[in-house]
Q: 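This is the structure I have questions about; it appears just below.
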Number of protein chains: 2
Amino acid sequence: MADKKFVEEITSREEDYTQWYTDVVKKAELMSYSSVKGCMILKPGGYAIWENIQRELDRRFKETGVENVYMPLFIPESLLEREKDHVEGFAPEVAWVTHGGEEKLQERLCVRPTSETLFCDLYKDIVHSYRDLPKCYNQWCSVVRWEKTTRPFLRSSEFLWQEGHTVHATYEDAEERTLKMLDVYVNFAKEILAIPMVKGKKTDKEKFAGAESTYTMEALMPDGKALQSGTSHNFGDGFAKAFDIQYTDKNNKLQYAFQTSWGVSTRLIGAIIMVHGDDAGLCLPPMIAPTQVCVIPIQQKKEGVLEKASEIYEELKSAGIRVKVDDSDKSPGWKFSEAEMRGISLRIEIGPRDIENGKCVIVRRDTREKTECSLDAITETVNKIMTTMQSDMYDRAKEYLDSHIDTAVSYGEFVEKINRNPGFIKGMWCGNVECEEKIKEETTATSRCIPFEQEEIAPTCVCCGKPAKRLVYWGKAY
Amino acid sequence: MADKKFVEEITSREEDYTQWYTDVVKKAELMSYSSVKGCMILKPGGYAIWENIQRELDRRFKETGVENVYMPLFIPESLLEREKDHVEGFAPEVAWVTHGGEEKLQERLCVRPTSETLFCDLYKDIVHSYRDLPKCYNQWCSVVRWEKTTRPFLRSSEFLWQEGHTVHATYEDAEERTLKMLDVYVNFAKEILAIPMVKGKKTDKEKFAGAESTYTMEALMPDGKALQSGTSHNFGDGFAKAFDIQYTDKNNKLQYAFQTSWGVSTRLIGAIIMVHGDDAGLCLPPMIAPTQVCVIPIQQKKEGVLEKASEIYEELKSAGIRVKVDDSDKSPGWKFSEAEMRGISLRIEIGPRDIENGKCVIVRRDTREKTECSLDAITETVNKIMTTMQSDMYDRAKEYLDSHIDTAVSYGEFVEKINRNPGFIKGMWCGNVECEEKIKEETTATSRCIPFEQEEIAPTCVCCGKPAKRLVYWGKAY
C-alpha cells in the first residue's frame, strides 16, 4: 500500500488542476523558482528528464545530418534589427546588457531570445558556393524572453531549448527540411514521450516573426487546453535578403539562400507532467524516465533481503535498465508513495516471503497493475512490462486526444462547444485574420493549426459564414 | 603524399607560434569570431570536441555521485555582493543587464561569471538537516567575463564550462570532495586528452575569489608557458556564513555547512591544440577525436573502390569506431592534408591494388607511421593502433613536460633560467606575497602551484633568501 501521508500534500487534479500541477512539480522536485524573477532552477529530477530528451533528440537530429555548434549569448542591437518582422516580434521582450564591467557599452547587446540573426551573420561568412550548401546546424542553449507571468516549464523568462538553423540552395530544399524536422519532433513525442500530437501549419497571424511558414505540433492537456510543443519554420529567402546571404550556383549565378529554423524546449517536460500525471504525482513513460525501476526491499532488516535487492539491481543495471534501490530507513509504504510521486515507471517489491518463493512483485506506475515474477525471469519481465506500459500510455493519451476533437459548423455551435467541451474544435475558416481575432476576443480560443489532412466539413467559415478555404483546429491554449 | 597546397596557408610553429595557433584554429574550422566583441562561435569541428569532453567527464562526475542541474543565467546585484571577496573578484568583469523589454529593472542583474552565489541561494533553501547532506550538483553552461584581450579557446568574453558546486557537513568532507574532483580532472586529462598535468595548491594570491583553498592542474604548452586547465576550490564555511546555510546535526545543533566548487572549460580545447598539434595542423588523441578514422579511397572511380571503402566504413562503425569516408571529388593528396589538418587520428588508404592484395594502408596522424593491414583484420588493427597512439601521445607530452621542469636556488639563477628555458621552474618560497609580486613584476612569471609532493631543494626562498616554507612551481602562464 502506498503511504497516504506522502501524497497528502498534493491537491487532487479534479479539485484544482493548476494547483495540482504546481504541487507535482514541487513535490517531485523537478524545479524551483530562484531569487531571479521569472527564472527557474532545474533540479536534478527535472534536469535528468531534459538530459534524456536531449540525448534522444540529438541522436535523431544527427541521423538527418545535423551538426551541433555554439553561438554567442549576446546579439548586438543593430544585428537584431536587420530583419524587420523579426525585431518587431522579439524586441519588446528581450533583456538588454548595457554595461561590461565598469564601462558603458557603445552598443546595447540583447541576451538572445532566439538566434536567427547570429546564424545569418555566420552563414553570410561561410556560404559562398552551392558546394557549401546545405549547412544544418543546431545548438542546445538557454534563451531569455522577459515574461510578465510565468508557470513552471510552460513559461519562464529563461528556458532551455534547442534551436536548429539550416541554409539551403532552394526553397524546396528548405521546405523539405522544415517538414522533416517537424516529423522528427512528432515521432520523438510519440515514441519516447508517449504523447500524440496534432500537426499542421500555423496561420499567418500565429506564425513566427520573420517566417514564411511555421509548422507546429500541438498536444492536448487534460484540462482541454492545447500546448504548442514544437515548431519548424521555413524562412524562404527573407533572412538571406536582409543579411545578404548569397551563393554562386552551378551556372555561376548569384542566388539568395533559403533558410529554416526549428526548436523544442523544456516546455516538453510540462507536457509530460500534464499528459501522464495523476493524483499520486508524476508518471513517466519508461523511455524518458531517468529512473525506470525502483527496487523496494520489504522487511529489509531480515537476513538476505538487502542482498537480494542488490542482486536484482545489479542484474537490471547490467541489462542497461535505469534502476535504483531504495534502502533508506523509511517504511515500504512511504517508499512506494515517493517512487510514485517521482514518476518512476516500475517498482519491484522484494521481501523475505518473496525470496523464499523465488519471486518478486512488479508494479506499474500508470495502472498500479501487479505482476508476480519469478526471480529467474526478472530482466525479461521488466523489459516486457516497460514496452507494454510505454505503448499503453501512448494509447490512452491518443484516445483522450481523439475523443476531445469536436467539430462545429456554425458560430453558435462553435461558441457553445468551445466553452462546454474542453479540447480541439475542427471548424472551417475563410482565411481572414478578422475571424481569428473575433474568435480570440470572444472565446479566448485561437487557431492552433491548419492540419495537413484537410477535410471539408462545411462550405462556409465557422465564424463569418463566408466561403471557407481551409479546415482549422481551434482551441484554447497555454 | 599529403598535398602541400592545403597546408600552405598555415604558418609553421617554429616561425610564429601565436600565428600557428590562430591558423590551426581557423583552418581546422574549430571556431570563428562573431560580430559580438570577444565572443566565439564554436563551429562543428570545435563543438564536437567539446561534446566528447562533456560526455566523458559527465560520466566520471556521475560515478562519484554528482547530479546535474540548471541554474539561472542572471544574478541579482545584491546576491552577487553577499560574499565580500567574491564580489571584489568578479564585479569588475561582469556584464550588466539593466532593462527587460521596455522597462528599466529595479535591480541590475549580472550575467553569471560563475554561479557560487546562486547555488548558495538554493542550498540555503534545501539544506536543513544532516540528512540533506551532501548535495553534489553540477551544471554545464556558458559564463561571461568581460575580457579586454581574447584568444581562441584560451580567453574569451563568453565561454562554455561546467561548474560543480557541493555542500557538506564538515570541512573534511568538503576537502575530500575538492581533492577528488581534482583527481577526476587529472585522470581525465591523462587518459582521454593525453595531457600530463602538474597538480597542487594555489598560493593565497592566486586562489579563487572567496575560496579557502584552490587546487589546480597546470599543463605545459610547447612555447614553455603554463596553462591553468582546471581548478577545484574548498570554500570552508565562508559562503555558508555569508548566505546563512545552516543545518541541524545529529545532536540537534545548528552548524554551518561546508562547500566546494570545481570547473573546467573549453580552454581544454586550446590545450589539446597546442600540446598535440604540429605544422600539418590539429592532431587529436583517438579518445577525444570526433572522427577517429577517415577512409580515403584511391582512384575512387575504378570499379569496386568506393564499395570497399564503404564496407570498411560499415565494419568500423558497427564496432563503435567514429569513422567517415571522404568520397569527395578532391585528389587523394588533398584529402590526406585535410584529414591531417582536422586532426583525424588515423587515415585508411584503399585503392585498386590494395583491394587486389586484400589489404589497406593505415596511417597514424601523429607519427605518419604506415601499417599495411589485411582487410580481414581491419577493426582489430585500427583499435590496436589507436591504443598505441593514445599512449604514445601521452608519453611524448610527458617527456616534454618532464624535460622542461628546471630548478633554481638563487634569484639570479631563477631569472636567467625563466628567461632562457621555457617551462616550469621549481623554486623554494618563503610564503610572502611580496616575493610573488616581485617575481611577477620582474619576470612575468607567477607561482603556478605548490605541488603535493614537496621536496626541499634549498633551505631559502629563491627570491628573498629568507627561510623557505614550501616548494613552488613557477612559470609564465597564459
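Being a predicted model, the structure only gives us computed values, none of them experimental. Just so we're on the same page: letters track the sequence lines, and every chain starts at 1.
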Q: Go through the atoms of B/Lys62 and report whether side chain, backbone, both or neither lie under 4.5 Å from a heavy atom of chain A.
A: side chain
Q: Please classify the contact of A/Asn138 with chain B as side chain, backbone, both or neither, using a heavy-atom distance under 4.5 Å.
A: neither
Q: Is the closest side-chain donor-acceptor distance between A/Ser156 and A/Tyr33 under 3.5 Å?
A: no
Q: Among the options B/Val144, B/Thr98, B/Ile126, B/Leu118, pick out the one with the most heavy-atom pairs lying under 4.5 Å from chain A.
A: B/Thr98
Q: Side chain, backbone, both or neither: which part of B/Asp329 has a heavy atom under 4.5 Å from chain A?
A: neither
Q: Give the member of A/Leu122, A/Ile75, A/Val97 that has the highest number of heavy-atom pairs under 4.5 Å with chain B.
A: A/Val97
Q: Determine whether the side chains of A/Glu163 and A/His165 contain a donor N or O and an acceptor N or O closer than 3.5 Å.
A: yes
Q: Look at A/Glu29, A/Glu51, A/Glu93, A/Met31 and state which one has the largest set of heavy-atom pairs under 4.5 Å with chain B.
A: A/Glu51
Q: If you look at every heavy atom in B/Ala209 and B/Phe239, which pair is closest and at what distance?
A: O-CZ, 4.5 Å
Q: How about A/Cys141 and A/Arg112: do any of their side-chain heavy atoms sit closer than 4.5 Å?
A: yes
Q: When you look at B/Ser115 and B/Gln139, which way does the side-chain hydrogen bond (donor to acceptor under 3.5 Å, both in side chains) test go after all the steps?
A: CA-CA 9 Å; B/Ser115 305; B/Gln139 72 173 347; 3.3 Å; yes
Q: Pick from A/Asn68, A/Leu79, A/Asp125, A/Val94: which one has the most heavy-atom pairs with chain B under 4.5 Å?
A: A/Asn68
Q: Please look at B/Lys124 and chain A and tell me whether the side chain, the backbone, both or neither of the residue comes under 4.5 angstrom of a heavy atom of that chain.
A: neither
Q: Cut-off 3.5 Å, side chains only: do A/Thr64 and A/Arg177 have a donor facing an acceptor?
A: yes
Q: Considering non-hydrogen atoms only, spot the tightest contact between A/Leu160 and A/Ser142 and give its length.
A: CD2-CB, 3.7 Å
Q: For a salt bridge (charged side-chain N to carboxylate O under 4.0 Å, His left out) check, start with the C-alpha distance between A/Arg59 and A/Glu56, then their side-chain angles and the critical distance, and finish with the verdict.
A: CA-CA 5 Å; A/Arg59 188 178 65 70; A/Glu56 185 63 38; 2.6 Å; yes
Q: Quick one: what part of B/Trp96 sits under 4.5 Å from any heavy atom of chain A, side chain, backbone, both or neither?
A: both
Q: Mind checking what makes ring-ring contact (aromatic ring centres under 6.0 Å, His included) contact with A/Phe153, not counting sequence neighbours?
A: none
Q: What part of A/Lys135 is in contact with chain B, defined as an atom under 4.5 angstrom from a non-hydrogen atom: side chain, backbone, both or neither?
A: neither
Q: May I ask you to name which of A/Phe90, A/Tyr137, A/Trp140 has the most heavy-atom pairs under 4.5 Å with chain B?
A: A/Tyr137
Q: Measuring heavy-atom distances to chain A, does B/Leu73 have an atom under 4.5 Å in its side chain, in its backbone, in both, or in neither?
A: both
Q: Measuring heavy-atom distances to chain A, does B/Glu103 have an atom under 4.5 Å in its side chain, in its backbone, in both, or in neither?
A: side chain
Q: Is B/Ser78 close to chain A through its backbone or its side chain, or both, or neither, when contacts mean heavy atoms under 4.5 Å?
A: neither
Q: With only heavy atoms counted, which part of B/Asp121 is less than 4.5 Å from chain A, the side chain, the backbone, both or neither?
A: side chain
Q: Looking only at heavy atoms, which two atoms of B/Trp146 and A/Leu109 are closest? And how far apart?
A: CH2-CD1, 3.6 Å
Q: To check you understand the geometry: which heavy-atom pair defines the closest contact between A/Leu30 and A/Leu282, and what is its length?
A: CD2-CD2, 4.0 Å
Q: Rounded to the nearest 0.5 Å, what separates atom NZ in B/Lys324 from atom CZ in B/Arg322?
A: 13.5 Å
Q: Which answer fits B/Glu158, side chain, backbone, both or neither, if we ask what part of it has an atom under 4.5 Å from a heavy atom of chain A?
A: side chain
Q: Once you round to the nearest 0.5 Å, how far does CD of A/Gln162 lie from CD1 of A/Ile53?
A: 10.5 Å
Q: Where along residues 35-50 of chain A does a heavy atom come under 4.5 Å of chain B, listed by residue number?
A: A/Ser35, A/Val36, A/Cys39, A/Met40, A/Ile41, A/Leu42, A/Lys43, A/Pro44, A/Tyr47
Q: Of all heavy-atom pairs between A/Cys110 and A/Leu80, which one has the smallest distance, and what is that distance?
A: SG-CD2, 3.9 Å
